[in-house]
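Below: one structure, written as structure tokens.
Naming: A, B, ... by sequence-line order, numbering from 1 per chain. Bear in mind that the values here come from a model prediction, so they are computed numbers and not experimental data.
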Amino acid sequence: MVKTRLSVVDVNLCVGCQCCMFACSRRFGAGGLSKTAILIRSAGGIERGFIVQVCRACEDPPCASVCPTDALKLRSGGGVLLDAAKCIGCRLCVEACTVEAVLWDSESDKPMICVHCGLCVQACPYGVLELSRGV
Amino acid sequence: MPLRRARTLERCITVIERDPIQKVLYVDLTRRRFWIEERADLFEKYIGGSGVAIKLLLEECRKGADPLGPDNPIIFAAGPLNCIFPMASKTVAMFKSPLTGNLGESHAGGRSGIALRSAGLGALVIKGASDIPIYLSIHDGKVSFRDARVLWGMRSSYTVGRVIRERESSAGLRTIMRIGRAGENLVRYACVITETYRHFGRLGLGAVFGSKKLKAVTIAGTNNIQVRDIKEYKQLYQEIFTLETTAPALKKYHDIGTPMNLIPLNKIQALPAYNLKQASLDKVEAISGENLAKNYLGRRVSCGHCPVSCIHLAALREPYEKEPYFYKTTMISYDYEPIYALGTMLGITSPEGLLKLIDEVEVAGLDAMSCGVALAWATEAQENGLISNKAEGTITQLKWGDYNAYIKAVNYIVEQPNEFYKALAQGVEYAAAKYGSLEYALAFGGNEMPGYHTGPAAHIGYLTGARHSHLDSAGYSLDQKLLASKVSPTPSSVADTLFEEEAWRQILSTLVVCFFSREIYKPEVVQKALKVIGWDLSLDNLKSIGYEILALKHEFKRREGFNAETLRIPKRILETPTPHGKLDGMFIKDAVAKYFNRVQSIKA
């Protein structure tokens with residue numbers, strides 16, 4: 001099985017267009033940003049550039065450790081997969097993620113978990129993101 | 001069945017049921033209340049953006065209302081393509097202009113359009129006035145009235161942005177629109193700044209904010225927007241996105257940015273300099289986009305949902321004179337228009353001097369274009385001895401190229417310490433009428449001139465455009481096309497071309513897409529894009545809605561006293577040759593009259 005993993009190549013190339021966020025949300029066929037699992041925000045004002053908040057595909061992820069219902073399962077290759085049926089929307093995973101990469105979908109009241117699919121990589125015109133493939 | 005057909009014929013549009021765009025949020029600053037009204041009626045008929053905004057303005061603004069009184073509403077409107085398609089990143093603001101006394105309309109990007117639509121809203125109407133300085137924090141359609149007394153009077157607009165950024169949530173998903181001291185002090189061409197480097201620049205929205213003691217508005221939300229056909233949507237998105245990232249027409253904005261035009265316009269003698277005493281400037285290379293990119297460009301940024309990143313920020317590193325080894329590095333946004341207005345018009349060819357002046361204008365929150373044109377007039381008026389220090393109190397001695405004096409003068413415009421600066425803060429038309437010398441006061445319909453002296457079409461566009469902006473009908477572009485094609489324009493041909501362009505641009509600004517993407521959002525593409533999200537409009541529908549919106553804007557203008565027949569043509573534009581030679585005043589008058597005949601005929 002191919003294990004994909006998303007990473008940030010060079011945050012200084014980011015122009016803050018957020019096309020990655022729209023691409024992520026578009027997976028679900030909707031416009032807007034409510035379903036995005038990646039967040040671009042300014043590093044304290046646009047003059048300082050941007051911060052990319054996205055899952056680092058941890059081998060031992062804190063978000064899974066704190067989940068009280070085992071809704072977050074370790075994903076092969078790093079990161080987690082969400083079993084939405086088990087999730088009670090407690091937001092402990094949001095709190096636990098050191099890099100604040102667990103975003104929230106207020107519509108379903110559940111976390112948006114990055115699946116390392118690489119749609120954001122394709123949408124980035126500036127080469128900020130990269131999808132590596134391991135076995 | 002017949003009923004259904006009749007409805008389809010009436011107007012081929014159905015707003016998809018779950019689209020929150022039909023929600024209009026009303027905020028009353030006087031009573032500190034807010035409510036939401038479903039206004040599908042407006043969006044079905046006028047799509048969004050400028051179309052919905054002009055209807056709301058006609059509804060909310062009492063005839064003859066004081067532009068700086070509580071009766072003047074501020075309207076922000078998003079469009080159906082915001083959040084859905086790339087480069088649909090703009091918001092339309094409408095209000096009664098304190099500068100011209102009639103239609104106030106200004107567009108800005110940043111994250112404003114995305115945030116407004118994500119907040120589950122199609123438009124925001126701000127009425128009344130607060131008794132103390134406040135700012136509004138709007139999340140998913142809920143409004144909090146926040147104390148802004150401490151922010152009022154703060155020297156720098158950057159600091160205001162920083163404070164609100166840190167106090168409010170939703171980083172990355174919000175817009176923060178704010179004014180500087182210029183808005184607080186009701187300078188008639190004060191702007192509203194959004195996301196630090198974008199502006200609702202023209203026609204004085206900042207002063208309207210100031211008159212309401214409204215320091216800022218922040219908007220955020222997380223609504224999603226359903227589309228009708230997911231597969232078609234994704235496909236069309238990809239097509240548009242690919243065009244936007246590969247189109248040669250967009251490459252110039254992407255690489256050098258809007259200042260790309262500076263050297264070519266200088267070469268053809270179409271670049272206004274020294275208050276348009278000349279149409280070119282020596283040593284202009286020093287402040288060109290090329291030189292700024294080479295020596296100062298520190299970062300490039302983008303509006304929300306736009307892959308182009310036309311926003312160019314210069315990094316200006318300055319030593320502290322009295323503190324060795326102390327430096328400050330300021331990031332300053334530069335574009336063609338500020339380089340024209342604060343650079344060439346004032347004879348400034350020092351890139352560092354120009355950047356410092358642009359920064360000061362940003363700190364104060366002024367429209368760079370109006371400010372530069374006002375200062376250019378003031379310089380010439382001083383040269384001609386029209387303004388005496390004795391009568392007016394101390395006046396800064398303005399001299400072409402002396403950026404330090406201009407930086408001082410910017411602060412005087414904001415502070416208005418004497419009669420002269422009080423007048424200058426009302427706009428160049430007002431100041432020149434007071435002191436004499438209207439012949440070189442470069443304003444059209446009361447709005448200061450944009451940076452194109454390309455030929456008759458540019459000026460006819462400034463005179464006839466509903467906003468008196470070069471972006472209304474792009475006469476500068478028509479002039480250059482005519483030059484290339486060697487076709488001699490007639491008053492009718494110019495009037496017709498400008499009219500059709502302005503009418504179509506109404507549609508672009510209902511969506512609300514950036515005008516830089518106009519070569520991509522052609523009528524067929526617009527129609528397709530609207531269709532995949534559930535809006536069925538024929539090309540004829542689109543065209544007629546464009547005309548209708550333009551007619552409504554002129555209805556508002558006329559209602560507020562605009563008279564096409566008394567439009568002033570500044571004599572200076574007839575004296576300084578353009579690439580089309582010296583302009584003929586009769587030709588311009590004729591074209592203007594023909595243009596307004598077209599406007600009049602819309603209803604018939």
Does [X] [atom1] have over 12 foreign heavy atoms under 6.0 Å away?
{"X": "B/Gln235", "atom1": "CD", "answer": "no"}
{"X": "B/Lys142", "atom1": "NZ", "answer": "no"}
{"X": "A/Lys35", "atom1": "NZ", "answer": "yes"}
{"X": "A/Lys86", "atom1": "NZ", "answer": "yes"}
{"X": "B/Lys531", "atom1": "NZ", "answer": "no"}
{"X": "A/Arg56", "atom1": "CZ", "answer": "no"}

Looking at [X] and [Y], what are the two nearest heavy atoms and their distance?
{"X": "B/Phe241", "Y": "A/Pro125", "answer": "CZ-CG, 4.2 Å"}
{"X": "B/Asn224", "Y": "A/Ser34", "answer": "CB-OG, 2.9 Å"}
{"X": "B/Arg165", "Y": "A/Ser42", "answer": "CD-OG, 4.4 Å"}
{"X": "A/Gly29", "Y": "B/Val227", "answer": "O-CG2, 3.3 Å"}

What part of [X] gets closer than 4.5 Å to chain A, counting heavy atoms only: side chain, backbone, both or neither?
{"X": "B/Arg300", "value": "both"}
{"X": "B/Pro86", "value": "neither"}
{"X": "B/Ile311", "value": "neither"}
{"X": "B/Arg299", "value": "side chain"}

Of the listed A/Cys17, A/Gly32, A/Cys124, A/Gly16, the one with the largest count of heavy-atom pairs under 4.5 Å with chain B is A/Cys17
What residue, out of A/Cys20, A/Ser25, A/Ala123, A/Ala23, has the most heavy-atom pairs lying under 4.5 Å from chain B? A/Ala123
Does one side chain, of B/Thr222 or A/Ser106, offer a donor that lies under 3.5 Å from an acceptor on the other? yes
Name the member of [options] that forms the most heavy-atom pairs with chain A at distances under 4.5 Å.
{"options": "B/Ser333, B/Cys306, B/Ser118", "value": "B/Cys306"}
{"options": "B/Pro307, B/Gly221, B/Ala315", "value": "B/Pro307"}
{"options": "B/Ile230, B/Thr330, B/Asp229", "value": "B/Ile230"}

Going from [atom1] on [X] to [atom2] on [Y], what distance comes out if it is rounded to the nearest 0.5 angstrom?
{"X": "B/Ser302", "Y": "A/Gln18", "atom1": "OG", "atom2": "CD", "result": "9.5 Å"}
{"X": "A/Arg26", "Y": "B/Gln238", "atom1": "CZ", "atom2": "CD", "result": "7.0 Å"}
{"X": "A/Cys19", "Y": "B/His305", "atom1": "SG", "atom2": "NE2", "result": "5.0 Å"}

Applying a criterion of heavy atom separation less than 4.5 Å, what residues of residues 191-201 of chain B form contacts with chain A? B/Glu195, B/Thr196, B/Tyr197
Using non-hydrogen atoms and a limit below 4.5 Å, what part of residues 168-175 of chain B faces chain A?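 So far as heavy atoms go, B/Ala171, B/Gly172, B/Leu173 are the residues that approach chain A to under 4.5 Å.
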Listed by number, the residues in residues 43-55 of chain A that come under 4.5 Å of chain B (heavy atom to heavy atom) are A/Gly44, A/Gly45, A/Ile46, A/Glu47, A/Arg48, A/Gly49, A/Phe50
So if I take each residue of residues 113-122 of chain A and look for any heavy atom under 4.5 Å from a heavy atom in chain B, which residues do I end up with? none
